[in-house]
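Here the structure is laid out as structure tokens; the discussion comes afterwards.
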Amino acid sequence: MLKPMVEFCASNMHHGTDDIMNRLELGDDVEVMEYGCLGNCGECYLRPFALVDGTIVAADTVQELDEAIKQALIAQKADREALDKLLDDL
């Protein structure tokens, strides 16, 4: 099974997102990537953000972003499990 991917923008690290990225890299349950630019310059300038499986997750603070990423990962896991069950039932 593929692991969810969380992507970070190096240009967004001034908000403190590197703390989240470093913590996630220590675990084995997600793939973590850092790019020089994710092409979301407006979002990058305004507040901390990351991409979770290609979807922008943003918050006003790094602590709120950390929680939002956790919630996005939980929701995506539930969606994958529901889809797997649906496919198994076919």
Side-chain angles (χ1 to χ4, degrees):
M1 180 167 84
L2 294 174
K3 296 178 189 178
M5 180 171 287
V6 181
E7 300 167 276
F8 292 91
C9 178
S11 299
N12 193 247
M13 297 297 175
H14 68 278
H15 288 291
T17 56
D18 55 324
D19 292 337
I20 300 170
M21 184 182 74
N22 293 333
R23 183 185 49 77
L24 289 173
E25 285 178 328
L26 293 175
D28 193 36
D29 50 340
V30 298
E31 292 290 330
V32 178
M33 298 294 296
E34 177 186 0
Y35 296 100
C37 180
L38 290 172
N40 296 294
C41 299
E43 196 71 48
C44 187
Y45 174 76
L46 293 175
R47 57 192 177 160
F49 88 101
L51 296 180
V52 178
D53 281 338
T55 301
I56 292 177
V57 176
D60 292 329
T61 68
V62 173
Q63 294 79 15
E64 290 173 355
L65 177 62
D66 190 30
E67 185 59 33
I69 290 171
K70 289 175 188 175
Q71 293 304 315
L73 291 169
I74 290 168
Q76 288 183 2
K77 180 180 179 186
D79 290 346
R80 280 191 305 275
E81 289 172 353
L83 181 58
D84 287 345
K85 183 179 181 330
L86 179 65
L87 292 173
D88 287 343
D89 289 346
L90 290 177

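Since this is a predicted model, take the numbers as computed values, not measurements. Values below: all heavy atoms of this structure, side chains included; hydrogens, waters and symmetry mates excluded.
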Task: F49 with Y35, same ILVMFWY side-chain cluster at under 4.5 Å - done: yes
TODO: Look up atom CD1 in I20 and atom NZ in K70, then write down how far apart they are to the nearest 0.5 Å.
DONE: 9.0 Å
Open item on the list: Count I, L, V, M, F, W, Y as connected when their side-chain heavy atoms are under 4.5 Å apart, and connections chain through other members. Are L38 and V57 then in the same cluster?
Closed with: no
TODO: Calculate, to the nearest 0.5 Å, the distance between atoms CG and CG belonging to L65 and D19 respectively.
DONE: 11.0 Å
Task: Test item: F8 and M33 side chains (from C-beta on) under 4.5 Å apart, heavy atoms - done: no
TODO: Using the rule that two of Ile, Leu, Val, Met, Phe, Trp, Tyr join whenever any of their side-chain heavy atoms come within less than 4.5 Å, decide whether M5 and M21 are in one cluster.
DONE: no
Open item on the list: Please list all pairs meeting side chain to side chain donor-acceptor pair (under 3.5 Å) that have one or both residues in residues 51-67, counting only residues at least two apart or in different chains.
Closed with: R23-D66, E67-Q71
- [ ] Can you sort out the partners of D89 under salt bridge (Lys or Arg N to Asp or Glu O under 4.0 Å), two or more places apart, ordered by chain and number?
- [x] K85
Task: Gap between atom CD of E31 and atom CD of E25 - 0.5 Å precision - done: 10.5 Å
Task: For the student: nearest non-hydrogen atoms of V62 and P48, plus distance - done: N-CG, 4.0 Å
- [ ] Indicate if I56 and I69 have the same hydrophobic cluster label, given that clusters are the connected sets of ILVMFWY residues with side-chain heavy-atom separations under 4.5 angstrom.
- [x] no
Task: Closest non-hydrogen atom pair, G36 against C9 - done: O-SG, 3.8 Å
TODO: Please examine the side chains of E7 and E34, heavy atoms only from C-beta on, and report whether any two atoms are closer than 4.5 Å.
DONE: no
Open item on the list: List the residues meeting salt bridge (Lys or Arg N to Asp or Glu O under 4.0 Å) with D28, not counting sequence neighbours, and say none if there are none.
Closed with: K3
- [ ] For A59 and R47, work out which heavy atoms get closest and say how close.
- [x] O-CB, 3.2 Å
Task: Hphob cluster co-occupancy, L51 + V32, side-chain heavy atoms under 4.5 angstrom - done: no
